[in-house]
Amino acid sequence: MKPFLMLAAVSILALSACAQNKDDKSKRPSPPATATGKTAGGTTITIDYSRPSVKGRKIGKDLEPIAGKVWRTGANEATTFDVNKSVKVEGQPLAAGKYSLFTIDNGNEWTIIFNKTAEQWGAFKYQQSDDALRVNVKAGKAPSFTEKFTITVSNKGKVDILWGDSDVAFTVE
């Protein structure tokens, strides 16, 4: 009977360790990251996202974003955008709160989407009817190729989305 109890205890410990590893998001191929900053007016901006890597693949063909389609703006769970006070994004009002951040690559212009359903996986259940705000911005060229998807927030409220050769920026004030 003792060998059975020993085997059961080892099995439980092994399963517990595997479950903990499975929940460790830093071990994912596209690990989590956070970009934070403040606007000139002192509003805190927090963006939580996951960072895929290009790894020799072609963005727009093998990797998102696909032209004209809603993208979760990262990998895994939808990227979230959180502001502690009401702000203006590209001059348009957005209430304080937490939103999912989606984008649409339209070539030289991108649509930045703030969706009221903050917690969702990818863009699979995205509903346009839940959008709080959409703004269009010009796409720019990144200063250098960005292998790992990156979002930055400057202390002047400028948000840059860097991926491959693209730099898509919008302002929050």
Side-chain angles (χ1 to χ4, degrees), residues 25-55 57-60 62-67 69-92 94-124 126 131-173:
K25 293 179 182 181
S26 69
K27 305 274 188 226
R28 291 177 173 178
S30 299
T34 301
T36 60
K38 291 190 181 275
T39 65
T43 302
T44 301
I45 302 166
T46 304
I47 302 173
D48 289 312
Y49 65 105
S50 292
R51 299 185 70 197
S53 296
V54 177
K55 297 180 185 174
R57 299 173 290 181
K58 184 169 173 48
I59 296 171
D62 307 317
L63 289 170
E64 293 181 284
I66 306 299
K69 300 216 179 213
V70 172
W71 177 40
R72 68 183 110 186
T73 317
N76 304 319
E77 297 87 357
T79 293
T80 59
F81 178 93
D82 194 354
V83 285
N84 65 335
K85 298 177 188 172
S86 293
V87 294
K88 288 193 176 184
V89 177
E90 291 294 311
Q92 300 298 314
L94 181 67
K98 187 174 186 178
Y99 302 89
S100 53
L101 179 68
F102 294 104
T103 50
I104 302 173
D105 175 356
N106 296 310
N108 293 332
E109 184 177 84
W110 282 40
T111 303
I112 311 295
I113 304 166
F114 301 88
N115 188 272
K116 295 174 196 169
T117 307
E119 305 297 330
Q120 54 185 304
W121 183 265
F124 301 107
Y126 165 79
D131 290 352
L133 177 66
R134 283 178 166 228
V135 296
N136 292 321
V137 296
K138 297 289 181 198
K141 181 131 172 78
S144 61
F145 187 83
T146 306
E147 171 67 24
K148 276 189 171 267
F149 178 73
T150 302
I151 298 176
T152 62
V153 181
S154 79
N155 280 329
K156 293 185 179 175
K158 180 182 175 207
V159 177
D160 282 279
I161 300 169
L162 300 151
W163 186 220
D165 291 322
S166 295
D167 181 355
V168 178
F170 60 93
T171 56
V172 181
E173 50 189 358

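Using a 4.5 Å cut-off on side-chain heavy atoms (C-beta onward), Glu119 and Lys98 make contact. Side-chain contact check for Gln120 versus Phe102: some heavy-atom pair is nearer than 4.5 Å. Residues Ile59 and Pro65 are in side-chain contact: their nearest non-hydrogen atoms beyond the backbone lie under 4.5 Å apart. Two residues are said to be in side-chain contact when any heavy atoms from C-beta on lie closer than 4.5 Å; Thr43 and Val172 fail this criterion.
Put simply, the residue from Ile112, Asp48, Thr80, Asp82 that forms a side chain to side chain contact (heavy atoms under 4.5 Å, CB included) with Leu101 is Ile112.
Under the side-chain hydrogen bond (donor to acceptor under 3.5 Å, both in side chains) criterion, Asn106 pairs with Thr111, not counting sequence neighbours. Residues satisfying the side chain to side chain contact (heavy atoms under 4.5 Å, CB included) test with Asp62, not counting sequence neighbours, are Arg57, Lys58.
Going from atom CD1 of Ile161 over to atom CZ of Phe170 covers 5.0 Å, rounded to the nearest 0.5 Å. Atom OG of Ser53 sits about 11.5 Å away from atom CZ of Phe149, to the nearest 0.5 Å.
For the residue pair Arg72 / Thr79, no side-chain donor-acceptor distance below 3.5 Å is found, with atom types taken as modelled. Of the N and O atoms on the side chains of Lys158 and Thr171, not one donor lies less than 3.5 Å from an acceptor on the other residue.
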### Tyr99 and Asp131: CA distance, side-chain angles, deciding distance, side chain to side chain donor-acceptor pair (under 3.5 Å) verdict
CA-CA 9 Å; Tyr99 302 89; Asp131 290 352; over 6 Å; no

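A donor-acceptor pair is defined here as one N or O able to donate and one able to accept, closer than 3.5 Å; such a pair exists between the side chain of Ser100 and the backbone of Thr117.
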